[in-house]
Amino acid sequence: MAKSVGIKNADYRLAVLKTDKRKMEIGMISRPLEWAGWPAARDFLEPALQRSDESWADILPELEDGQLQLWAVLQPDSGLKKRDILYAAAVTRIVASREGEIAEIYLVGGRDFEFWLSDLSETIARSAQEIGCIAVRAYGRTGWRRPLAKLGWREKTVAYEKALKEK
């Protein structure tokens, strides 16, 4: 079931997109931890964070000071309640490489990804290009391999890990 959250347009920069079945809005949230949709976004991001090497204690200060950026995919509600439906959230960061800066999609989560994945990918790529990034990189589980390949993404590296017993 969709999570309904009240959102004010001033809280995010919008790119209004239309898909075949739904009108979606994708934007970067200017004050993520003060945003009414933050609890729902955090719930969507939790599974991705559990696969990472970091915790909310590491990430929250960086979201607060702008080192990390929160993106939201919303379906606007034109009804009486004026509550938008959150479909997905993503966290990005800008990192330096030998060739230049890269926008990394560090965490992503949501529902019904077939409705928003392509548009989110393109919106983040366009934004990254506007600020001078040379590429966009994403991290995620192996289940993202096929959907991203259809959008022109290629697998660059694979990480392996072996747990060691504590002494």
Side-chain angles (χ1 to χ4, degrees), residues 1-7 9 11-30 32-33 35-56 59-60 62-63 68-79 81-95 102-131 133 135-159 161:
M1 171 162 253
K3 300 194 183 241
S4 295
V5 293
I7 298 169
N9 285 348
D11 288 343
Y12 56 99
R13 186 178 73 191
L14 291 178
V16 178
L17 305 163
K18 292 182 180 178
T19 63
D20 290 340
K21 297 181 180 179
R22 301 169 191 199
K23 179 179 175 185
M24 295 286 178
E25 295 179 351
I26 298 176
M28 185 170 33
I29 309 301
S30 62
L33 304 182
W35 179 51
W38 169 243
R42 183 176 171 150
D43 288 347
F44 278 149
L45 296 169
E46 183 66 33
L49 183 65
Q50 291 302 315
R51 291 176 170 267
S52 79
D53 293 328
E54 297 182 75
S55 69
W56 287 118
I59 290 175
L60 293 177
E62 293 179 357
L63 275 170
L68 298 175
Q69 302 80 42
L70 178 68
W71 294 80
V73 178
L74 305 158
Q75 182 179 20
D77 177 14
S78 57
K81 291 186 178 181
K82 299 292 185 200
R83 291 186 172 275
D84 298 338
I85 298 171
L86 182 66
Y87 271 79
V91 173
T92 59
R93 61 185 169 197
I94 308 301
V95 298
I102 296 174
E104 290 185 340
I105 303 171
Y106 173 61
L107 301 172
V108 67
R111 63 183 195 88
D112 300 333
F113 76 88
E114 62 275 4
F115 292 114
W116 53 262
L117 183 60
S118 175
D119 292 330
L120 178 64
S121 172
E122 286 304 310
T123 301
I124 291 174
R126 220 174 14 255
S127 178
Q129 191 171 28
E130 287 173 8
I131 63 169
C133 289
V136 180
R137 179 183 297 151
Y139 294 98
R141 58 184 176 75
T142 56
W144 287 111
R145 183 178 292 137
R146 284 178 130 173
L148 290 176
K150 290 177 183 178
L151 300 175
W153 290 75
R154 67 176 180 85
E155 191 173 296
K156 186 173 179 180
T157 187
V158 177
E161 183 174 297

Original post:
Below 4.5 Å, heavy atoms only, C-beta onward: do Gln69 and Ile124 meet side chain to side chain?
Top reply: no
**Request:** Indicate yes or no for a side-chain donor-acceptor contact from Trp35 to the backbone of Ser30 under 3.5 Å, with no hydrogens or angles considered.
**Result:** no
Assess whether atom CD of Gln129 is packed by more than 12 heavy atoms of other residues, nucleotides or ligands within 6.0 Å.
-> no
dist Leu33:CG -> Ile59:CD1 (nearest 0.5 Å) comes out at 11.0 Å
(message) Could you check whether Trp71 and Ser127, counting side-chain N and O atoms only, form a donor-acceptor pair closer than 3.5 Å?
(response) no
Would the distance check show the side chain of Ser52 and the main-chain N or O of Leu49 forming a donor-acceptor pair, the cut-off being under 3.5 Å?
yes
So CG of Leu74 and OH of Tyr87: to nearest 0.5 Å the spacing works out to 10.5 Å
**Asked** Any side-chain heavy-atom pair from Asp119 and Val73 closer than 4.5 angstrom?
**Response** no
Flag side-chain contact, heavy atom, 4.5 Å: Glu54 against Tyr106: yes
Separation between OG (Ser121) and CH2 (Trp116), nearest 0.5 Å, reads 10.5 Å
Shortest non-hydrogen pair, Trp56 vs Trp38, comes out as CZ3-CH2, 3.6 Å
Does some side-chain heavy atom of Val108 sit less than 4.5 Å from a side-chain heavy atom of Leu120? yes
(Q) Could you check whether any side-chain heavy atom of Arg137 comes within less than 4.5 Å of a side-chain heavy atom of Val95, counting everything from C-beta outward? (A) yes
Between Gly143 and Pro147 the two heavy atoms that sit nearest each other are O-CD, 3.4 Å
All heavy atoms of Ala103 vs all of Cys133, minimum pair found to be N-SG, 3.8 Å
Here the gap from Met24 atom CE to Ile85 atom CD1, rounded to the nearest 0.5 Å, amounts to 8.5 Å
Taken to the nearest 0.5 Å, the spacing of Gln50 CD from Glu46 CD works out to 4.5 Å
Heavy atoms of Pro32 and Leu63 approach each other most closely as CG-O, 3.7 Å
**OP:** For the residue pair Trp144 and Leu117, establish whether any side-chain heavy-atom pair is separated by less than 4.5 Å.
**Re:** yes
Taken in chain and number order and not counting sequence neighbours, the residues that satisfy side-chain hydrogen bond (donor to acceptor under 3.5 Å, both in side chains) with Thr142 are none
In this structure, CG of Leu68 is separated from OG1 of Thr92 (nearest 0.5 Å) by 7.5 Å
Notebook entry, point to check: Is any side-chain heavy atom of Leu45 closer than 4.5 Å to a side-chain heavy atom of Arg42?
Noted result: no
For Phe44 and Leu86, the nearest pair of non-hydrogen atoms, with its separation, is CE1-O, 3.5 Å
#### Entry: Glu114 and Asp112, any side-chain heavy atoms less than 4.5 Å apart
yes
On a heavy-atom basis, the closest approach of Val136 and Ala125 is CG2-CA, 3.7 Å
